[in-house]
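No hydrogens, no waters, no symmetry mates; every other heavy atom, side chains included, goes into these values. Because the structure is a prediction, the values reported are computed rather than measured. Labels below follow one simple rule: chain letters A, B, ... track the order of the sequence lines, proteins then strands, and each chain is numbered from 1.
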Amino acid sequence: MKLSALQPIRRANSFRSPSSAPLDGGAAPSDGPLFRSPTAIFWLLLHAICCLVSLALGFRFSRLLFLLLFSPSSSPSPPSPPVLLLHRRPDLPLSPHPPTPFATPNATGSRVVVGRHGILVRPWPHPNPTEVMRAQRILDCVQREQRLQYGVKNPRPLLVVTPTYPRTFQALHLTGLLHSLQLIPYPLTWLVVDAAGVGAASNETAALLARSRVPVLHIRFSGRMPLRWSDRHRTEARMRLQALRVIKERRLEGVVVFADDSNVHSMELFDEIQKVKWMGAVSVGIVAHSGNPGMVAPQQLSKEEEENSPVPVQGPACNSSGQLAGWHTFNSLPYVNKSATFIGDGAMVLPQKLEWAGFVLNSKLLWEEEEGKPDWVRNLDEVGVNGEEIESPLDLLKDASFVEPLGNCGKKVLLWWLRVEARYDSKFPAGWVIDPPLEIIVPAKRTPWPHAPPELPSGKVATSQDPLEKRSSKTGRSSRSRRSSRNKRKREPQIDTHI
Amino acid sequence: MFAAEIFMHRFLLYSPVRTLNPEEADWFYTPVYTTCDLTPNGLPLPFKSPRMMRSAIQLIASNWPYWNRSEGADHFFVVPHDFGACFHYQEEKAIERGILPLLQRATLVQTFGQRNHVCLKEGSIIIPPYAPPQKMQAHLIPPDTPRSIFVYFRGLFYDVGNDPEGGYYARGARASVWENFKDNPLFDISTEHPITYYEDMQRAVFCLCPLGWAPWSPRLVEGVIFGCIPVIIADDIVLPFADAIPWEEIGVFVAEKDVPKLDTILTSIPPDVILRKQRLLANPSMKQAMLFPQPAQPGDAFHQILNGLARKLPHPRNAYLKRGEKILNWTAGPVGDLKPW
């Protein structure tokens with residue numbers, strides 16, 4: 001009985017103090033029975049205390065002690081005495097003391113040690129920027145190789161047509177589109193049709209385009225952008241036609257994409273349109289912007305009816321054999337009373353039945369006297385003259401059934417149409433730079449602009465300096481700054497408290 | 001993971017290499033489904049596997065003379081469990097038990113392989129763990145999808161149930177990966193179970209295959225199938241079909257002590273080496289060799305196993321025992337294993 005009681009204690013003895021283990025292990029049997037009891041009781045007590053402490057702490061602290069004392073990860077060759085002892089006795093599963101790491105019994109130079117190892121953490125476990133850059137270069141290399149192997153062979157250059165005009169959000173939209181275009185791996189030319197008038201306004205677009213790393217063709221349009229959305233759609237169509245005329249005159253080659261500056265394009269769109277032969281159509285998701293919080297927010301897309309689908313999608317519809325059968329268009333009837341009439345009035349902006357953005361053309365369709373040009377396309381010179389209204393690129397064709405559906409027959413939505421504009425009379429600093437910096441910034445407690453929507457100059461399409469002057473006279477309170485900038489709090493303002 | 005034993009049996013049932021005449025047979029196969037003993041939760045329980053195996057061998061030894069004439073030297077068994085024929089998932093226990101004494105002359109076909117380890121017998125054939133081929137085929141994405149994830153891993157870092165403090169599980173290597181790289185944007189690592197696991201692997205350049213309780217992992221197979229370069233973090237591991245597949249050329253080997261420098265190691269590999277590895281991985285014969293398709297196809301893992309067995313023929317002269325000679329000790333091993341199953 002005594003021997004069996006001593007067995008675990010001797011083992012405990014050996015685990016705790018490996019250096020003195022053989023001595024203890026050897027010495028214990030030779031002691032007399034009287035000597036055994038105090039040591040036995042001592043070890044039993046120690047065992048009990050350890051158990052209680054572990055209970056209190058919630059983990060086996062002796063393991064931590066052992067780890068700190070012996071740090072097994074740095075010493076692959078453990079002290080040999082415990083190895084021998086462990087070999088002879090089977091491991092008790094309830095032992096509170098951790099087994100030291102021991103080498104495998106027939107270890108013939110094995111580096112691997114079984115048992116507890118330390119978790120190696122380097123002193124600064126954070127990413128190194130040079131390494132991150134190297135990794136990005138590797139990813140770039142891999143993706144280039146992938147494109148070479150599986151991507152489009154012989155990619156055609158792209159001709160991106162964008163109508164724009166200087167306004168508050170032009171910098172936002174145009175810069176976004178610029179960055180998207182810079183990511184495209186194919187050669188492209190960006191044709192920007194600018195409806196700015198003469199004066200300072202005409203240089204704003206140019207200033208934005210100067211930052212572009214893609215080749216830009218800045219085409220000036222000789223009209224002004226009207227205030228009503230319906231007129232704006234028409235003017236945009238005329239601007240795009242002008243770009244197409246430029247393409248025709250210069251015989252530019254490539255795939256024509258209509259990228260409006262406020263739309264969101266996915267990179268897959270530009271891979272998909274390389275497949276177009278003459279004219280193709282893709283599905284466009286319509287994000288009808290709403291300023292009214294009572295409206296239902298659009299959720300994930302689905303291609304069902306307008307009532308069921310929260311996000312309407314415009315695009316080609318196919319029959320079961322994958323051929324063009326018709327068109328999914330935007331049904332504007334439910335929204336007619338709530339839609340926006342003029343730019344920036346905060347209501348929902350509705351698209352046309354079929355937006356230009358959903359169509360792509362081969363530029364050879366526009367050239368005159370091109371061999372192989374299909375006969376179902378009209379001559380560009382005849383289009384748009386004599387007041388003919390061009391609503392969508394389908395008006396360029398005599399027969400719309402030859403359009404190729406792209407993007408898995410229209411099932412994949414590759415771009416998103418939306419129009420977000422500020423109030424047409426909103427003021428913004430030129431180039432969005434305030435120079436010289438403002439001296440006094442006054443936080444306005446109420447908006448300097450009345451809540452009533454601005455009056456439309458009746459009958460006039462142009463909106464020039466007059467409303468600006470009118471507004472600035474009304475905002476006397478904050479007229480100390482040259483431009484009203486109630487959101488700029490960059491520097492500590494001297495707060496005018498008697499507002 | 002352990003389903004290889006079942007599929008091997010099914011494959012051999014209808015295979016043309018099977019003969020019903022024992023006198024002309026080169027190899028004898030005994031199907032024993034040792035991992036089919038499940039806990040109430042449905043996890044495999046290896047505790048009774050030695051008894052099962054022992055009873056099976058007793059059965060064949062008493063009913064047919066072929067076991068006794070060679071004491072198992074021309075028999076082979078499929079043991080795809082954590083530590084092979086040591087029949088335990090905890091390494092220390094497995095090492096203590098050692099390989100079942102009755103199997104010491106037989107050839108073992110196992111997934112576990114680690115150099116200088118008790119549970120790896122000389123002459124064993126290492127096979128990849130089973131991964132479902134149809135499921136993987138169903139999740140393929142177009143190959144021109146750009147690979148945008150640098151390093152990908154999904155799985156446990158700390159096995160909270162069995163080793164809450166860490167340090168035992170994976171010899172601390174997985175915990176080390178987590179602690180060093182959880183903030184690193186290049187490393188997409190987490191313990192989640194995403195539905196798009198296979199698709200994400202196809203969008204990654206490197207897939208980590210660190211050891212768990214055992215050095216092998218089904219991530220190796222998944223990495224090879226999906227073209228993701230496997231980063232093998234397991235010291236002294238023996239990889240499957242090492243003679244047929246050039247693992248050094250398609251994978252990256254990282255020592256466990258170098259895990260804190262993993263990001264430096266991976267980013268300093270020159271891009272042309274990476275492209276070369278990806279080209280080799282794209283080889284369809286390599287992917288085929290890792291799979292266990294049903295029905296069997298040419299060049300698959302079954303084929304490689306048969307190749308391995310064929311290479312061991314003809315049997316050495318000491319395989320067949322003289323009359324009355326006995327080598328195996330039928331009473332060796334822990335007492336609990338001697339109970340018939």
Chi angles and distances behind the side-chain contact (heavy atoms from CB on, under 4.5 Å) call for A/Glu145, B/Arg279: CA-CA 10 Å; A/Glu145 180 70 21; B/Arg279 251 195 302 265; 3.9 Å; yes
Verify side-chain contact (heavy atoms from CB on, under 4.5 Å) between B/Tyr158 and A/Ile119, making sure each step is shown before the conclusion. CA-CA 11 Å; B/Tyr158 293 93; A/Ile119 300 171; 3.9 Å; yes
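Side-chain atoms of B/Pro260 and A/Pro125, non-hydrogen and from C-beta on, never get closer than 4.5 Å to each other. Here the side chains of B/Lys261 and A/Arg122 are not in contact, with every heavy-atom distance at 4.5 Å or above. With contacts defined as side-chain heavy-atom distances shorter than 4.5 Å, the pair B/Gln278/A/Val142 qualifies.
Listed by chain and residue number, B/Ser176 satisfy the side-chain hydrogen bond (donor to acceptor under 3.5 Å, both in side chains) test with B/Asn180 (two or more places apart in sequence, or in another chain). Evaluation of the side-chain hydrogen bond (donor to acceptor under 3.5 Å, both in side chains) rule for A/Asp140 yields A/Arg144 as partners, not counting sequence neighbours. A/Gln274 pairs by the side-chain hydrogen bond (donor to acceptor under 3.5 Å, both in side chains) definition with nothing, not counting sequence neighbours.
In this structure, chain A has no heavy atom under 4.5 Å from any part of B/Arg174. The parts of A/Glu131 that come within reach of chain B are both its backbone and its side chain, each placing non-hydrogen atoms under 4.5 angstrom from that chain. Of the atoms belonging to B/Tyr169, not a single heavy atom falls under 4.5 Å from chain A. B/Phe206 does not touch chain A: none of its heavy atoms, backbone or side chain, sits under 4.5 Å away.
Taken from CD in B/Glu179 to CG in A/Leu120, the straight-line distance is 11.0 Å, to the nearest 0.5 Å. Taken from CG in B/Leu266 to CD1 in A/Ile138, the straight-line distance is 8.0 Å, to the nearest 0.5 Å. Distance CZ/B/Arg147 to CG/A/Leu139: 11.0 Å, rounded to 0.5 Å.
Using a cutoff of 4.0 Å between basic side-chain nitrogens and carboxylate oxygens, B/Asp263 and A/Arg134 are not scored as salt-bridged.
Nearest heavy atoms, A/Tyr150 versus B/Pro143: CD1-O, 3.3 Å.
In this structure, B/Ile195 places its CD1 atom where only 12 or fewer heavy-atom neighbours from other residues, nucleotides or ligands lie under 6.0 Å away. For A/Lys153, the NZ atom is densely surrounded, since the number of other residues' heavy atoms within 6.0 Å is greater than 12.
Heavy-atom pairs under 4.5 Å with chain A were tallied for B/Gly172, B/Gly98, B/Pro146; the largest tally goes to B/Pro146. Of the listed residues (B/Val205, B/Thr264, B/Val259), the one with the most heavy-atom contacts under 4.5 Å to chain A is B/Thr264.
For residues 267-275 of chain B, heavy-atom neighbours of chain A at less than 4.5 Å comprise B/Thr267, B/Ser268, B/Ile269, B/Pro271, B/Ile274, B/Leu275, sorted by residue number.
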